[in-house]
Amino acid sequence: MSEVIAGVVVPGTELVRAATSLVRKVADDTLFHHSRRVFLWGSLKAAARGLEVDPELAYVGGLFHDLGLTREYATGDRRFEIDGAEVAREFLLEHGRSEEDARTVWLAIALHTTPEVPEHLAPEVAAVALGVKTDVLGIGLDELTGQQRREVVAAHPRPDFKNRILKAFYDGMAHRPGTTYGTMNDDVLAHFDPSFRRQDFVEIIKSSPWPE
């Protein structure tokens, strides 16, 4: 049976139930509720923009986007976004979705921390990015009604969310600091670890092996 939150229908399909079960088993309350809110905010904002979004794909994109921060799915040598993208791709293929669908969700998750680009891609890619920006950064809160905000937060609370999500980011990336180069993720490591030294793009160019 489908669930409705703030006017957004959460499909009552086997795929959605399986996705929810997987994430609930490996993510704590902070990441689980955040991921559900990402789907809800993204769905609301996509609808307001007239985007036609496949709800199953948007749901998996929202629910799986931070799986790379969890102990079960974090690798040690690549960006956490790619970890989650790979899990989502395999999950969708195992549940009968096409390679194209799986690739769309892969992109949605892999690019969810990349500014601007996702909103120029498939609607599901845009929806995930819009949901993340809303929930983590508060961007575009004024596009949502007070009733929508209240209903979503009532279903998926945000206790001390700002501090908890920052800690979740750090815990999921501290063991692989090199993977944060070129992303906003190195801001998180620098905040928690005063000894963290960012890689400098200019210095990388100047010290490259190319002769002058």
Side-chain angles (χ1 to χ4, degrees), residues 2-49 51-70 73 80-92 95 97 101-114 117-119 121-141 143-144 148-149 151-158 161 164-165 168-169 172:
S2 297
E3 180 182 9
V4 180
I5 301 172
V8 176
V9 177
V10 182
T13 63
E14 179 183 348
L15 184 149
V16 166
R17 288 193 297 271
T20 305
S21 177
L22 184 153
V23 177
R24 203 65 180 108
K25 288 176 182 176
V26 302
D28 63 12
D29 284 349
T30 296
L31 287 182
F32 175 75
H33 289 300
H34 162 59
S35 298
R36 288 266 293 190
R37 290 194 307 271
V38 164
F39 164 72
L40 295 166
W41 302 137
S43 296
L44 287 167
K45 288 195 168 183
R49 287 161 171 73
L51 300 177
E52 294 186 13
V53 174
D54 181 312
E56 285 192 335
L57 299 186
Y59 190 81
V60 173
L63 265 285
F64 285 41
H65 83 279
D66 275 346
L67 276 186
L69 297 173
T70 66
Y73 292 108
F80 85 88
E81 300 95 329
I82 295 177
D83 289 342
E86 289 291 326
V87 178
R89 179 182 178 277
E90 293 176 11
F91 174 88
L92 286 167
H95 284 81
R97 298 302 300 248
D101 290 343
R103 181 65 175 174
T104 294
V105 177
W106 192 97
L107 287 170
I109 296 173
L111 295 174
H112 81 266
T113 59
T114 302
V117 174
E119 292 177 51
L121 300 176
E124 295 79 16
V125 180
V128 173
L130 288 166
V132 170
K133 289 198 300 185
T134 300
D135 205 53
V136 178
L137 304 175
I139 293 175
L141 276 179
E143 299 176 29
L144 302 163
Q148 288 172 331
R149 290 162 62 175
E151 289 187 25
V152 170
V153 174
H156 297 289
R158 302 170 44 97
F161 177 70
R164 291 183 181 186
I165 196 62
F169 291 155

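Side-chain atoms are counted along with the backbone in the values below, which use heavy atoms only and exclude waters and symmetry mates.
- Between the side chain of Glu81 and the backbone N or O of Ala110, no donor-acceptor pair lies under 3.5 Å.
- Looking only at distances, a side-chain donor or acceptor of Asp54 sits under 3.5 Å from a matching main-chain atom of Leu57.
- Side-chain contact between Val60 and Leu92 is present, with heavy atoms from C-beta onward closer than 4.5 Å.
- The minimum heavy-atom distance linking His33 with Pro157 is given by the pair CB-O, 3.9 Å.
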- Could you go step by step and tell me if Val10 and Val4 meet the side-chain contact (heavy atoms from CB on, under 4.5 Å) rule? CA-CA 6 Å; Val10 182; Val4 180; over 6 Å; no
- Query: Taking it one step at a time, do Glu119 and Leu130 satisfy side-chain contact (heavy atoms from CB on, under 4.5 Å)?
  - Reply: CA-CA 8 Å; Glu119 292 177 51; Leu130 288 166; 3.8 Å; yes
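- A cation-pi arrangement is absent between Arg37 and Trp41, since the terminal nitrogen or guanidinium carbon is not both under 6.0 Å from the aromatic centre and inside a 45° cone about the axis.
- Pairing each heavy atom of Leu15 with each of Phe91, the nearest pair is O-CZ, 3.6 Å.
- Contacts of Glu143 classified as salt bridge (Lys or Arg N to Asp or Glu O under 4.0 Å), with partners at least two apart in sequence or in another chain: Arg49.
- Evaluation of the salt bridge (Lys or Arg N to Asp or Glu O under 4.0 Å) rule for Lys45 yields no partner, not counting sequence neighbours.
- With respect to His34, the ring pair (Phe, Tyr, Trp, His ring centres under 6.0 Å) criterion is satisfied by exactly one of Phe169, Phe161, Phe39: Phe161.
- Residues satisfying the side-chain hydrogen bond (donor to acceptor under 3.5 Å, both in side chains) criterion with Arg36, sequence neighbours excluded, are Glu3, Tyr59, His156.
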- Task: Begin with the C-alpha distance, continue with both residues' side-chain angles, and end with the deciding distance and a verdict on side-chain contact (heavy atoms from CB on, under 4.5 Å) for Asp28 and Thr70.
- Result: CA-CA 9 Å; Asp28 63 12; Thr70 66; over 6 Å; no
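- Taking each heavy atom of Val16 and Pro11 in turn, the nearest pair found is CG1-O, 3.2 Å.
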- Task: Evaluate the criterion side-chain contact (heavy atoms from CB on, under 4.5 Å) for residue pair Thr134 and Leu144; output intermediate values, then yes/no.
- Result: CA-CA 10 Å; Thr134 300; Leu144 302 163; 3.9 Å; yes
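- Between Arg164 and Asp29 no salt bridge is recorded (no basic side-chain N to carboxylate O distance below 4.0 Å).
- Looking at Thr104 and Glu124, their side chains never bring a donor and an acceptor atom within 3.5 Å of each other.
- Closest approach of Ala88 to Ile109, counting heavy atoms only: CB-CD1, 3.5 Å.
- In this structure, Thr20 and Phe32 have side chains that are in contact, with non-hydrogen atoms separated by less than 4.5 Å.
- Here the side chains of Phe64 and Val105 are not in contact, with every heavy-atom distance at 4.5 Å or above.
- The heavy-atom pair separating Ala168 from Leu31 by the smallest distance is CB-CD2, 4.2 Å.
- Contact detail for Ala127 and Ala46: the closest heavy-atom pair is CB-CB, 4.3 Å.
- In this structure, Leu107 CG and Thr114 OG1 are separated by 10.5 Å, a value rounded to the nearest 0.5 Å.
- A 4.5 Å side-chain heavy-atom check between Leu40 and Gln148 finds every atom pair outside the cut-off.
- Using a 4.5 Å heavy-atom cutoff, the side chains of Leu67 and Leu22 are in contact.
- Within the 4.5 Å cutoff, the side chain of His65 has heavy atoms near those of the Ser35 side chain.
- When atom types are taken as modelled, the side chain of Arg158 and the backbone of Asp135 share a donor-acceptor pair closer than 3.5 angstrom.
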